[in-house]
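For clarity, every value in this text was computed on a predicted model and none was experimentally measured. Note on naming: letters A, B, ... go to the chains in the order of the sequence lines (proteins, then strands), and numbering restarts at 1 for each one.
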Amino acid sequence: MIEIQNLTKTFSTAAGDVAALSDVSLTIGDGDIFGIIGMSGAGKSTLVRCINMLERPTEGKILIGGVDIGSLGKKDLRQQRRDIAMIFQSFNLLMQRTCLKNICFPMELAGKKKAEAKKRAMELLEIVGLPDKANAYPAQLSGGQQQRVAIARALASDPKVLLCDEATSALDPKTTHSILELIRDINEKLGLTVIVITHQMQVVEDICRHVAILDNGRVVEQGSVSDIFASPKSDAARHLVFPEGFEPSVFDADPSCFRVRVVFNGDDTATMPVIAKMAAEKGILANIMAASTKTVQGKAYGTMLLGVDSKENTAQVIDYLAQYGVFAEEVE
Amino acid sequence: MFTNVFTPEGWTEALSVIKTEFLMGIWETFYVTVVSTFFALVIGLPLGVLLVAGDKDGVLPLPRAFMQALNVIINLLRSIPFLILMIMAFPIARALIGTTIGTKASIVPLVIAAFPFVARLVESSLREVNPNIIEAAQSMGASPMQIICKVMIPESVPSLISNATIAITTILGYSAMSGIIGGGGLGKIAINYGYYRYKYLIMYAAVILLVVMVQIFQSLGTRLAVRLDKRLKHG
């Protein structure tokens, strides 16, 4: 378990002190995929850098498995960092080393035997789906491939936590999707805790179970992803869930109306008018209260909020959409 | 004064000097340059690493007073004109080599002049390393020494080689200057015949050879730097 307690980070600049984080407290369970989302400058990167002490917090504590890592000496901290792997927006591979040697790097730091490290690196390349790129240099790979190598390198030290700092922000939507799938896969297979820093709601929607919304250095909202999506309470959350902007009244609408949140996750539903089809086939007239969808490479992404007149129909809507692989759930 | 440069007698004399002295001159210049560059690198490389790593934002921050002293010493040595530095280095040359005259003795002032220059070149190479990559290594639990030896230096190899090439060609130019105080090589030949005896033909020949040597060092260095740079998508 990772406990972030009353974390505050202040930077002194020429123009005075700037608070990057103010009194941030979060608890992240073992094996969770936890999203930390916010706009640029919200303090996300500072927060994630405090977790492995690349940034020293001004106040507050970080406990990982009960250990206060801020109190560790230099040597113990380096040891601890091997348990907290990190991947980055710009991949940060060593450009003068082959992929295989990049993956060997953390094992080299830990003093593992060369032959053993090489064997493990080959296994990891297999896991991330690039077994044929062992001797290629990073410059010869695409962004998505470089991030896969970075993930393999992160896994090389058998970490307990994986920090993803805007890991997909430099990638196109399709590549983003495949990298996120890989991260989810690794989370499931290895059971390691994943903390995802992002400004893209899509990322949170795709893989996170819990999310905290950071605005101006403060956590303005946190909870399970479905709760936040269903009823974002803070302005920052609403802005992130529905970037095009909605009337806030949508969320305080007629209480007698049952609401269903529909998530388009890039399945092949974009070309099919499922809501209209449902009206024709089932006779359920759903009221589209809000929608924020976009089509990327022929696939629909986004969410929609439907108003349905009865509880019974709500269940029917969910079942109907499930046939087409569209996720829907009732929300309060 | 240039009217008698291309006389038949001038050609004959030049050819005989070229035959008897130039081979030795080339060798001496080559030897002095390579040995001086080697020692300048041996001293300058660690100093350059210290300048970057010991910075307040570096991987191994050192006391400010120490860093300031280091910077002052390097700037001081770099601001002394080489001609004067050669004379100032006489006592050191005498202590180390036993004499102040000759090819070996000229290595001493060359190294003293070149190592601060090399330290600055190394500093600029190491500062080019992407700080994000260093941060990534820190996040993996790398120690400052590991970051220096396994990240900063290997990542900047192409740039270090380019800068070593600049150093070697500069040192070659300086080595010619040492001909004035008794250093050997093509510089000595050019000065002795061209400046003291007005044998311009021989001076030109020596200068052309110096130019050729610089060209060779430069193109070898550039080619090596390109070949070793894995950021370029060849091969």
*Go through the atoms of A/Phe105 and report whether side chain, backbone, both or neither lie under 4.5 Å from a heavy atom of chain B.*
side chain
*Under 4.5 Å heavy-atom distance to chain B, tell me which part of A/Leu94 shows up: side chain, backbone, both or neither.*
both
*Do you know the tightest heavy-atom contact between A/Asn92 and B/Ala136?*
CB-CB, 3.8 Å
*Answer with side chain, backbone, both or neither: which region of A/Leu163 has an atom nearer than 4.5 Å to a non-hydrogen atom of chain B?*
neither
*side-chain contact (heavy atoms from CB on, under 4.5 Å) between B/Met140 and A/Ser157, worked out*: CA-CA 8 Å; B/Met140 289 175 223; A/Ser157 55; over 6 Å; no
*Shortest non-hydrogen contact from A/Arg81 to B/Gln138?*
CD-O, 3.2 Å
*Tell me, side chain or backbone of B/Ser156 under 4.5 Å from chain A's heavy atoms, or both, or neither?*
neither
*Between B/Gly141 and A/Arg82, what is the shortest heavy-atom contact and its length?*
O-NH2, 3.4 Å
_Within-4.5 Å side-chain heavy-atom neighbours: A/Gln89 and B/Asn132_ = no
_What I'd like to find out is whether the side chain of B/Val157 reaches to under 4.5 Å of the side chain of A/Gln96, using heavy atoms alone._
no
*Atom CG in A/Leu109, atom NZ in B/Lys150: separation rounded to 0.5 Å?*
7.0 Å
*Within a strict 4.5 Å, meaning less than it, do heavy atoms of the A/Arg97 and B/Pro154 side chains meet?*
no
